[in-house]
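Chain letters run A, B, ... following the sequence lines, proteins first, then strands; residues in each count from 1. Source: prediction; values computed, not measured. Values reported hereafter were calculated over all heavy atoms of this structure, with side chains retained and with hydrogens, waters and symmetry mates removed.
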There are 2 protein chains.
Amino acid sequence: MTKLHIVDDDEAIRDALGWLFQSRNVPVAGWPSAEAFLEAWQPDTAGCLLLDIRMEGMSGLELFDRLLSRGCRMPVIFLTGHGDVPIAVGALKKGARDFVEKPFNDNELVDRVIDALAFDAEQREREAGQAGLAARLATLTQRERQVMELVVAGRLNKVIADELGISMRTVEVHRSHVFEKMQVKTAVELTRLLTGAS
Amino acid sequence: MTKLHIVDDDEAIRDALGWLFQSRNVPVAGWPSAEAFLEAWQPDTAGCLLLDIRMEGMSGLELFDRLLSRGCRMPVIFLTGHGDVPIAVGALKKGARDFVEKPFNDNELVDRVIDALAFDAEQREREAGQAGLAARLATLTQRERQVMELVVAGRLNKVIADELGISMRTVEVHRSHVFEKMQVKTAVELTRLLTGAS
DNA sequence: GCGGCTATTGTGGATATCCGCAGAGTCGGC
DNA sequence: GCCGACTCTGCGGATATCCACAATAGCCGC
């Protein structure tokens, strides 16, 4: 389920943030440590992360690194009481969405979280489309993939036949199999699919 | 000409940085104030910017804002002696490439500047391609644009004819004019052009 | 070995696309 | 009024694409 995941080892802060967000109708889950969240995290965990930097055990930054290396692309907002420019710069350059110092403005933080949640939702939608595409691509045979690449490159069947050293008829067969498996009717549609157009 | 533009009101620092970069074969231009650079800036000014935050008159941040609003997309690296997290975060979120506190590591800074210069060069190359594309698009008539959109959407000529309420032959004529003006031979190539594929 | 998947090719015909040749109507500028 | 552009259309033919029917062959698993 899409929600805001608050990772902070200070229960009082988790509670306060939980109250703040729930009062704005933002669903929240609290985690008492980076380790706890990391263990529970799954590739399909959705929403966004509000991460304290300084914690007992694993720091927020380290959690961020580990999540990145596991392919997590959830938006992350860091929350810190002891600002440090190089840390903030490093986190943002690694892809963190924001870096907020305490004390923070409630409304601003809520807005940023809501933006981040919306961003994550959109991103997951895009990725779902890509996953379907990847699944269809996986059903193609080697030869079909080769033909598809040349079709998408704009080559005519006769040219493809020539380049692959096979007859035009065979190219036509592969081509139609590709169209069928990729669920398109024309080369243009196929090109749009693969180049990620609207 | 592509070069590193150093904007700092402290002549000693400009000189020191100038020496550093020229010794690494990075061409440099120094500017004593944000105003001076802003006045000299042109849309075709290439390279990257090394920008001091605190200066007499216009600050580095304000220069950055003004450049952005003028459509400047040169990579900007901020240099500051008095770090401040919200400022750094704000600058990076607005699109600054980096935010470095003094004292800095010479080699690291040089590397980042070289990366930024390379990025700018690539970006300009991409934009040059886009400009050529835009120029060709501008030569199309209204009708040709309509037909092109439908072609790129994957419609067959007969369908296009139907949707526009004209004969197939006319669609063919427009279609071939589009291909000619856009300098492509097939609908697939045209689609790749417009969707920005390799 | 048989069945299924993949790759290959052919024939022949229905559609679609590409193009030259020809002509016609509108609209705006010189 | 003439010229140039844009738009529209038809005819016919050369190519290309789409497809059903039909067949051969290698590879793999049961």
S.K.: Under the side-chain contact (heavy atoms from CB on, under 4.5 Å) test, which residues partner D106(A), sequence neighbours left out?
M.R.: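 So D106(A) forms a side-chain contact (heavy atoms from CB on, under 4.5 Å) with L20(A), R24(A), F104(A).
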
S.K.: In this structure, how many angstroms lie between the C1' atom of dC18(D) and the CZ atom of R175(A), rounded?
M.R.: 9 Å

S.K.: Do L38(B) and L67(B) come within less than 4.5 Å of each other through their side chains, counting heavy atoms only?
M.R.: yes

S.K.: Would you check if L156(B) and K185(A) make a side-chain contact, meaning some heavy-atom pair closer than 4.5 Å?
M.R.: no

S.K.: Is any side-chain N or O of T170(B) closer than 4.0 Å to OP1 or OP2 of dT9(D)?
M.R.: yes

S.K.: Taking all non-hydrogen atoms of both residues, which atom of L193(B) and which atom of M182(B) are closest, and how far apart?
M.R.: CD1-O, 3.8 Å

S.K.: Tell me, which of residues 176-184 of chain A have any heavy atom that sits under 4.0 Å from an atom in DNA chain D?
M.R.: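 F179(A) - these, ordered by number, are the residues of the stretch whose heavy atoms sit under 4.0 Å from the strand.
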
S.K.: Quick one: list whatever passes salt bridge (Lys or Arg N to Asp or Glu O under 4.0 Å) with K102(A), sequence neighbours left out.
M.R.: D52(A)

S.K.: By nearest nucleotide on DNA chain D, pick out whichever of A187(A) and V171(B) is the more 5' one.
M.R.: V171(B)

S.K.: Establish, with yes or no, whether the OP1 or OP2 oxygen of dC8(D) is under 4.0 angstrom from a side-chain nitrogen or oxygen of H174(B).
M.R.: yes

S.K.: Return the set of residues passing side-chain contact (heavy atoms from CB on, under 4.5 Å) with A29(B) (not counting sequence neighbours), or none when no residue passes.
M.R.: K3(B), H5(B), W31(B)

S.K.: Name all residues meeting the salt bridge (Lys or Arg N to Asp or Glu O under 4.0 Å) criterion together with R143(A); count only those two or more places apart in sequence or in a different chain, and write none if there are none.
M.R.: none

S.K.: Can you pull out how bent the helix from dG1(C)-dC30(D) to dC30(C)-dG1(D) is, comparing the axes over its first five and last five pairs, to 10°?
M.R.: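 Inter-axis angle at the ends, rounded: 30°.
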
S.K.: List in chain and number order the residues that pass salt bridge (Lys or Arg N to Asp or Glu O under 4.0 Å) with D15(B), two or more places apart in sequence or in another chain; answer none if no residue qualifies.
M.R.: none

S.K.: What one-letter contact string describes nucleotides 22-27 of chain D from 5' to 3', where B marks a base within less than 4.0 Å of any protein heavy atom, S marks contact via sugar-phosphate atoms alone, and - marks no contact?
M.R.: ------

S.K.: Does M55(A) reach the side chain of V7(A), with side-chain heavy atoms less than 4.5 Å apart?
M.R.: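 A side-chain contact exists here, since the closest heavy-atom pair is under 4.5 Å.
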
S.K.: Just to verify, what does A16(B) make a side-chain contact (heavy atoms from CB on, under 4.5 Å) with, not counting sequence neighbours?
M.R.: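 Once residues adjacent in sequence are excluded, A16(B) has no partner under the side-chain contact (heavy atoms from CB on, under 4.5 Å) criterion.
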
S.K.: Could you tell me whether the side chain of Q123(A) reaches within less than 4.5 Å of the side chain of D120(A), counting heavy atoms only?
M.R.: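 Yes; the side chains approach each other to less than 4.5 Å.
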
S.K.: Which residues satisfy the salt bridge (Lys or Arg N to Asp or Glu O under 4.0 Å) test with E56(B), sequence neighbours excluded?
M.R.: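 E56(B) satisfies salt bridge (Lys or Arg N to Asp or Glu O under 4.0 Å) with no residue once adjacent residues are dropped.
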
S.K.: Using every non-hydrogen atom in the two residues, find where F64(B) and A96(B) come nearest and quote the distance to one decimal.
M.R.: CZ-N, 3.5 Å

S.K.: Does atom CZ (R54(A)) have a neighbourhood of more than 12 heavy atoms from anything else shown, all under 6.0 Å?
M.R.: no

S.K.: Which residues in residues 135-165 of chain B have a heavy atom closer than 4.0 Å to any atom of DNA chain C?
M.R.: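 By residue number: L156(B), N157(B), K158(B).
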
S.K.: Less than 4.5 Å apart, any side-chain heavy atom of V113(B) and any of V110(B)?
M.R.: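 The answer is no; the side chains never approach within 4.5 Å.
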
S.K.: What are the bounds, 5' to 3', of the part of DNA chain C that sits under 4.0 Å from heavy atoms of chain B?
M.R.: dA16(C) to dC21(C)

